[in-house]
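Worksheet for the structure shown next.
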Amino acid sequence: MATHTSKFWKPGSEPPGSTLSEERVSSEGQGSSVVYNPYRNLSLEQQRLKLPVFQHRTNILYLVESYQTVIVVGETGSGKSTQIPQYLLEAGWAAEGYMIAVTQPRRVAAVTVATRVSEERGRMLGQEVGYTIRFDDVSDPEATRVKFMTDGMLVREMMQDPLLSKYSVVMLDEVHERTIHTDIILGLLKKIQKKRKDLRLIVASATMDAEEFKDFFNTNETGDSRNDTAAVLSVEGRMFPVDVHYSLDPVPNYVKATVETAIKIHHNEKPGDILAFLTGMEEVEQVVSLLIEEARKIPRDSQKMMVLPMHGSLPASEQMKVFQRTPNNVRKIVVATNIAEASITISGIVYVIDSGFVKLPAFNPKTGIESLVIVPVSQASAEQRAGRAGRVRSGKAYRLYTEEAFHTLAPSTVPEIQRAGMASVVLQLKALGIDNVVRFNFLSPPPAQNMVRGVELLYALGALDDNGRLTNPLGYRMAEFPLHPLYAKMLLISGEMDCSEEAVIIAAMMQIQNVFITPPKQKIQATNAKRRFSALEGDHLTMLNVYLAFVQHNKRPKWCHENFLNYKGLCRASDIKDQMTRLLKKFKIPLVSCEGDAEKLRRCLTAGFFANAAKLHYSGEYRTVRDDHPLSVHPTSVLYTETRPQWVIFNEIVQTNKDYMRDLTAIQPEWLYELAPHYYQYGTDRELAAKRARLGDR
DNA sequence: GAGCACTGC
């Protein structure tokens, strides 16, 4: 583990240098963009033996043999992700036709770890070692013994094979990230373990919350630890020490403090790149422009600064820039959102600036609205950020808050499953045979209200019957779609509404972000380009126009570029469209075109999204039909115009200063009563209020 | 007239 020594320091003053760390820096003497690997000249086999986890090989195999669940706490660089699966393989856990599954929260991780492991074994990827991610299955049902996959893929597999009968061991990696999928798998595996005593589970986490996992999986109630069914093992990492510096006083403005701190580091500290964590794109751009202003003041013969933004809505080409090496006399300063905390790794970082804040989604069960809120980071998250400075050599982390403030932070971030809408989760659990979802054994149970809200929505969509059971065939089919239930409903009804070909495209297009690219220097051209695709009916038909034009121009990257469209995103939409089409064929839903009849499509959208309906209020804003909640049109919508339709349906609400509806289509009010009579059976506001009161929904 | 943490099936 990286050692942390706390020091006091005040932003705006000179950051203190540590004699100890200065010595370490000079003794390492590494180039700033080189990942330090002291074993790079050894063979792959020799490198394997040098990893910290190797010392624990025998013990790990013993524990897996003796306990149903083994929790492995291992820091970055321990080698647990690549080695433990191989130890299991070598010890015979994949004999007799059994397989070993290893899950990762992200697609790239599943692919890179699988690639590394197959290299180490000297075999071709997709044979003994393979991976399975959505749209890319590089595994062989006969030959593959170790399969790396995304956690979401394992949930899908469990719908087909609830006891995971193919596997002898399931290893869940990066469990500390607590994705919704990982949490679902944890609950399901606890259940499976009762029926399959032979199945082994390895829970790998980077943080010290091992006891919580152990208590969850330990079924021993005798009080005698010799009967435990779960065990914990810690594996040391291979990281360099990071000195942590706290702010002496609370920082009134972390955006300004980030700029000041970066400048001070640049002028006073040894070479090494800087990574700063902020909460959103706007803050990132602000800091970048302030730093570029400062960079201009640097004298010609001094070390230069290269300031780069890093956030999710940056085009791929811009994102690539942060990975490029910089010349010796240039210091790279990457200003990033949380994307750099776990999703991407930038080499050469020696200094980290932590604003202490993060933007996270929250769910309000009263309104059913998901929003993004800026909140203080957790201690675990702050440690993760600081750790980003210790991958190349010893580094320094500057926290823009006091040490006292750090100790008041929550130990770990609230798991995603407690902060999200539950409609999809409830649908998936029901499909997995969990009848009583409210009493499902979650490691961290979501608020009951969130679950109730999810159940209500599924009932309204016709996926659940009066007894809360999955309906046949609608509910079962909806669960098979890798989409939010609202889209699944729309697609499943699109056949009988004579527009399934177009509905599939719309559903696919709605899954990708940033379809339209707006380069800051060509704002006007980009806006004009977007206007060419705009449909009067709303955003859904606009997206349909974009996709149809993309196909008409043979999916050419050059055409996308000229029209300010996200080429990679459109390719992804094409993959999703194909997958959805396959599912519709499987359910024998006819593939028919509406032949340009927009009304058919708008009705079909209403059949899926009737719960998200709003009416224009005399104030000029909209109100939800169901509970009179005020809403505005999002500025990115094509319906963000002077003349607004009286009635609309929308995909989602984003909450900033106001509650904005995103992705809208104009509808006729009578369609609501026609297509969702059960939901809108009470016509007047007063009757609606009465119904709400009875449901205890206020 | 004004805004988009990050994944994943």
Side-chain angles (χ1 to χ4, degrees), chain A residues 103-110 132-137 149-160 174 177-185 277-285 310-314 319 336-344 355 357-362 370-375 377 381 384 413 415-417 419-420 424-425 427-428 431 478-485 487-488 507-508 511-518 523 527 572 575-576 579-580 583 620-621 632-637 639-642 644 652-663:
Chain A
T103 71
Q104 296 286 340
R106 280 172 295 281
R107 295 161 52 94
V108 275
T132 304
I133 60 176
R134 188 184 186 186
F135 304 129
D136 199 7
D137 183 5
M149 59 176 109
T150 44
D151 50 11
M153 272 320 281
L154 189 63
V155 175
R156 289 283 147 187
E157 278 197 13
M158 290 170 104
M159 288 184 184
Q160 306 303 317
E174 313 284 2
E177 290 193 24
R178 301 293 302 275
T179 69
I180 287 184
H181 289 139
T182 293
D183 273 24
I184 291 174
I185 295 169
F277 288 100
L278 291 146
T279 72
M281 181 186 82
E282 205 176 290
E283 285 173 11
V284 167
E285 300 294 349
M310 183 70 208
H311 53 81
S313 37
L314 221 52
Q319 290 196 3
T337 60
N338 224 28
I339 193 168
E341 194 180 299
S343 304
I344 60 152
S355 66
F357 289 92
V358 64
K359 208 180 274 187
L360 287 178
E370 283 189 66
S371 58
L372 285 167
V373 286
I374 295 175
V375 291
V377 292
S381 185
Q384 176 84 17
T413 310
E416 192 187 359
I417 202 154
R419 295 183 281 112
S424 283
V425 172
L427 186 62
Q428 284 175 52
M478 278 173 65
E480 278 207 46
F481 277 92
L483 295 174
H484 191 278
Y487 292 102
Q511 309 308 310
I512 59 173
Q513 284 105 47
N514 310 314
V515 175
F516 298 103
I517 296 166
T518 323
K523 260 191 170 161
T527 313
R572 193 179 146 74
D575 285 340
I576 298 171
Q579 190 187 22
M580 298 312 129
L583 275 166
E621 298 295 344
S632 306
V633 179
H634 197 278
T636 52
S637 170
L639 293 183
Y640 191 78
T641 51
E642 310 263 312
R644 309 253 165 114
E652 57 171 1
I653 295 169
V654 288
Q655 198 175 44
T656 51
N657 296 327
K658 285 193 273 185
D659 290 347
Y660 290 99
M661 299 176 278
R662 203 150 54 176
D663 300 323

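Worth saying up front: this structure is predicted, and the values here are computed from it rather than measured. So you know, we letter chains A, B, ... as the sequences are listed, proteins then strands, and number each from 1.
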Counting just side-chain N and O atoms, does [X] come under 4.0 Å of either OP1 or OP2 of [N]?
| X | N | answer |
| --- | --- | --- |
| A/Ser424 | B/dC9 | no |
| A/Arg662 | B/dG3 | no |
| A/Tyr660 | B/dA2 | no |

Is there a donor-acceptor contact under 3.5 Å linking the side chains of [X] and [Y]?
| X | Y | answer |
| --- | --- | --- |
| A/Ser313 | A/Gln513 | no |
| A/His634 | A/Thr636 | yes |
| A/Glu416 | A/Thr179 | no |
| A/Thr182 | A/Asp151 | yes |

[options]: which one has an atom nearest the side-chain heavy atoms of [X]?
| X | options | value |
| --- | --- | --- |
| A/Arg156 | B/dC9, B/dG3, B/dA5 | B/dC9 |
| A/Thr337 | B/dG8, B/dA2, B/dC6 | B/dC6 |
| A/Arg644 | B/dG3, B/dA5, B/dG1 | B/dG1 |
| A/Leu372 | B/dA5, B/dG8, B/dG3 | B/dA5 |
| A/Ile133 | B/dG3, B/dC9, B/dG1 | B/dC9 |
| A/Lys359 | B/dT7, B/dC9, B/dA5 | B/dA5 |
| A/His311 | B/dC6, B/dC9, B/dG3 | B/dC6 |
| A/Ile339 | B/dA5, B/dG3, B/dT7 | B/dT7 |

Please report, rounded to the nearest Å, how far the [atom2] atom of [N] is from the [atom1] atom of [X].
| X | N | atom1 | atom2 | result |
| --- | --- | --- | --- | --- |
| A/Glu283 | B/dA5 | CD | P | 9 Å |
| A/Asp137 | B/dC9 | CG | C1' | 14 Å |
| A/Tyr640 | B/dA2 | OH | P | 5 Å |
| A/Asp659 | B/dA2 | CG | C1' | 15 Å |
| A/Glu416 | B/dC9 | CD | P | 13 Å |
| A/Asp183 | B/dG8 | CG | P | 17 Å |
| A/Arg419 | B/dC6 | CZ | P | 14 Å |
| A/His484 | B/dG8 | NE2 | C1' | 14 Å |

Problem set entry | Carboxylate-amine/guanidinium proximity below 4.0 Å for A/Glu621 and A/Lys658 | yes
Exercise. Between A/Glu282 and A/Lys359, is there a salt bridge with N-O shorter than 4.0 Å?
Worked result: no
When all nucleic acid strands are considered with a 4.0 Å heavy-atom cut-off, which category describes [X]: base, sugar-phosphate, or nothing?
| X | answer |
| --- | --- |
| A/Thr641 | base |
| A/Thr179 | nothing |
| A/Met281 | base |

